[in-house]
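This report refers to the structure that appears directly beneath it.
Side-chain atoms are counted along with the backbone in the values below, which use heavy atoms only and exclude waters and symmetry mates. Owing to the predicted nature of the structure, the values given are computational and were not obtained by experimental measurement. Residue numbers start at 1 and run along the sequence shown.
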Amino acid sequence: MKTSSVTIISNFFMPQLNRFRTIRVYLPPAYESNNRHYGVMYMQDGQNLFDTKDSAFGTIWDIQSTMDKRHHESPEMDIIIVGIDNGEQYRYAEYSPWHSDIGAYYLPHAKATGFPGGEGFLYMQFLVQTLKPFIDDHFRTKPDRMHTAIAGSSMGGLISLCTGLKYSSVFSKIAAFSSAFYFAESEVITWIQKTEKADQMRIYLDVGTQETSNHLIPEFREIYIKCSKNVFESLTLKGYDSKSLDFKVFDGDIHNESCWAKRFPAMLDWLYE
């Protein structure tokens, strides 16, 4: 039986941010035995995708198992998945294009992890100008926008949506799980209003009803739902309809990789319908 692989690229230089990062590349089971070219999905928080020993938060998406199962059911749906490790202390900085004041209240620990944001535009440039060309040069990809997707969760969902909208000439598919839009909600909504509506775009949003990143603040338990609904409504007003925009609320789901892993296959089915 053919097996998939995850290629790890250590110390990949990010010239826009003058940092190094680990990149993890999932290659489908048949990759080494054919000459086929594949679509690519770029995913944030790469260390949480494949192996529990690398996980920053203790749980993983288990992407390799999910994609291998998908291969055996529908090999024509195979894609390459590129996981970009988060920058640990730079995570909040890189995953938000804008500075945030609300983070000081809801996420007091964020000061130690890149609070209050503001490096997101440089991170977007890294993805589009440095990482994607490298992946297209070194792996058999379909580099056009119709075969290029971006995805993430929480802060990774925020930066994925913003990147996909800004660079709609590069991406045609966006998946944002349990996105921390509250971190810069007004800026995200203004961004949606300012960006031109992209043709042939598919956007997936979701959220769980029990999401929180701070159990000590009661109102924080509803903030993920509220900000996700507000962003969904903004995208709807922009002209994205049910054929291009999907928003799901999952009863009882909390804010972790196990819940996102459970929702990942259905997202793929819709995004690549």
To the nearest 0.5 Å, how far apart are [atom1] in [X] and [atom2] in [Y]?
X: E273; Y: M77; atom1: CD; atom2: CE; result: 9.5 Å
X: F181; Y: S228; atom1: CZ; atom2: OG; result: 6.0 Å
X: W270; Y: I203; atom1: CH2; atom2: CD1; result: 7.5 Å
X: T163; Y: M124; atom1: OG1; atom2: CE; result: 4.0 Å
X: C227; Y: L158; atom1: SG; atom2: CG; result: 8.5 Å
X: T66; Y: I81; atom1: OG1; atom2: CD1; result: 8.5 Å

Is it the case that atom [atom1] in [X] sees more than 12 heavy atoms from other parts of the structure closer than 6.0 Å?
X: D251; atom1: CG; result: no
X: Q200; atom1: CD; result: no
X: K238; atom1: NZ; result: yes

Pairing donors with acceptors under 3.5 angstrom, does anything connect the side chains of N34 and R140?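 Indeed, the side chains of N34 and R140 share at least one donor-acceptor pair under 3.5 Å.
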Between Q47 and S55, do the side chains contain a donor N or O and an acceptor N or O under 3.5 Å apart?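 No pair is found: no donor N or O on one side chain lies under 3.5 Å from an acceptor on the other.
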Using the rule given for side chain to side chain contact (heavy atoms under 4.5 Å, CB included), can you reason through Q64 versus Y26, listing the C-alpha separation, both sets of side-chain angles and the distance that settles it, and then say yes or no? CA-CA 7 Å; Q64 189 168 9; Y26 166 86; 3.8 Å; yes
Restricting to non-hydrogen atoms, name the atom on [X] and the atom on [Y] that form the minimum distance, rounded to 0.1 Å.
X: E185; Y: N230; result: OE2-ND2, 2.6 Å
X: H255; Y: S154; result: NE2-OG, 2.9 Å
X: L49; Y: Q44; result: CD2-O, 4.2 Å
X: M201; Y: A198; result: CB-O, 3.7 Å
X: K132; Y: V170; result: CD-CG1, 3.6 Å
X: P143; Y: D136; result: CB-OD2, 3.5 Å

Taking Y92 as the fixed residue, which of W98, Y123, F183 is the one that meets the ring-ring contact (aromatic ring centres under 6.0 Å, His included) rule?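 The single option meeting the ring-ring contact (aromatic ring centres under 6.0 Å, His included) with Y92 is F183.
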For the pair [X] and [Y], find out whether any cationic side-chain nitrogen is under 4.0 Å from an anionic carboxylate oxygen.
X: R36; Y: E76; value: no
X: D246; Y: K248; value: yes
X: K69; Y: E73; value: yes

When you compare the side chain of [Y] with that of [X], does any pair of heavy atoms fall below 4.5 Å?
X: D85; Y: I23; value: no
X: Y31; Y: F139; value: yes
X: E94; Y: L17; value: yes
X: Y167; Y: Q125; value: yes
X: E211; Y: I254; value: no
X: I225; Y: K229; value: yes
X: I159; Y: P97; value: yes
X: L165; Y: I174; value: yes

Please determine whether residues [X] and [Y] belong to a single hydrophobic cluster, defined as Ile, Leu, Val, Met, Phe, Trp and Tyr linked transitively by side-chain heavy-atom distances below 4.5 Å.
X: I223; Y: V207; answer: yes
X: L205; Y: V249; answer: yes
X: M43; Y: V40; answer: no
X: F20; Y: Y42; answer: no
X: F50; Y: M41; answer: yes

Just by modelled atom types, is the [Y] backbone N or O under 3.5 Å from a matching donor or acceptor in the [X] side chain?
X: Y224; Y: T209; value: no
X: S96; Y: A93; value: no
X: S244; Y: D241; value: yes
X: S153; Y: G157; value: no
X: S172; Y: R145; value: yes
X: R202; Y: L245; value: no
X: S4; Y: P28; value: no

Among D45, D51, D54, salt bridge (charged side-chain N to carboxylate O under 4.0 Å, His left out) partner for R24: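 One option only clears the test, and that one is D54.
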Among D253, D206, D62, which residue meets the salt bridge (charged side-chain N to carboxylate O under 4.0 Å, His left out) test with K262?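 For K262, the salt bridge (charged side-chain N to carboxylate O under 4.0 Å, His left out) test succeeds with only one of D253, D206, D62, which is D253.
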Evaluate side chain to side chain contact (heavy atoms under 4.5 Å, CB included) for F264 paired with R70, printing each intermediate quantity in order. CA-CA 11 Å; F264 187 77; R70 187 178 181 83; over 6 Å; no
Are the aromatic ring centres of [X] and [Y] under 6.0 angstrom apart?
X: F121; Y: W191; answer: yes
X: F134; Y: F12; answer: yes
X: F177; Y: W61; answer: yes

Does [X] qualify as a cation-pi partner of [Y], given the criterion of NZ or CZ under 6.0 Å from the six-membered ring centre and within 45 degrees of its axis?
X: K197; Y: Y240; result: yes
X: K142; Y: Y38; result: no
X: R19; Y: Y90; result: yes

Carefully, step by step, assess Y272 and H147 under the rule side chain to side chain contact (heavy atoms under 4.5 Å, CB included). CA-CA 9 Å; Y272 288 90; H147 293 94; over 6 Å; no
Check the pair L127 / I84 against side chain to side chain contact (heavy atoms under 4.5 Å, CB included), numbers first and verdict last. CA-CA 9 Å; L127 293 178; I84 306 100; 3.9 Å; yes
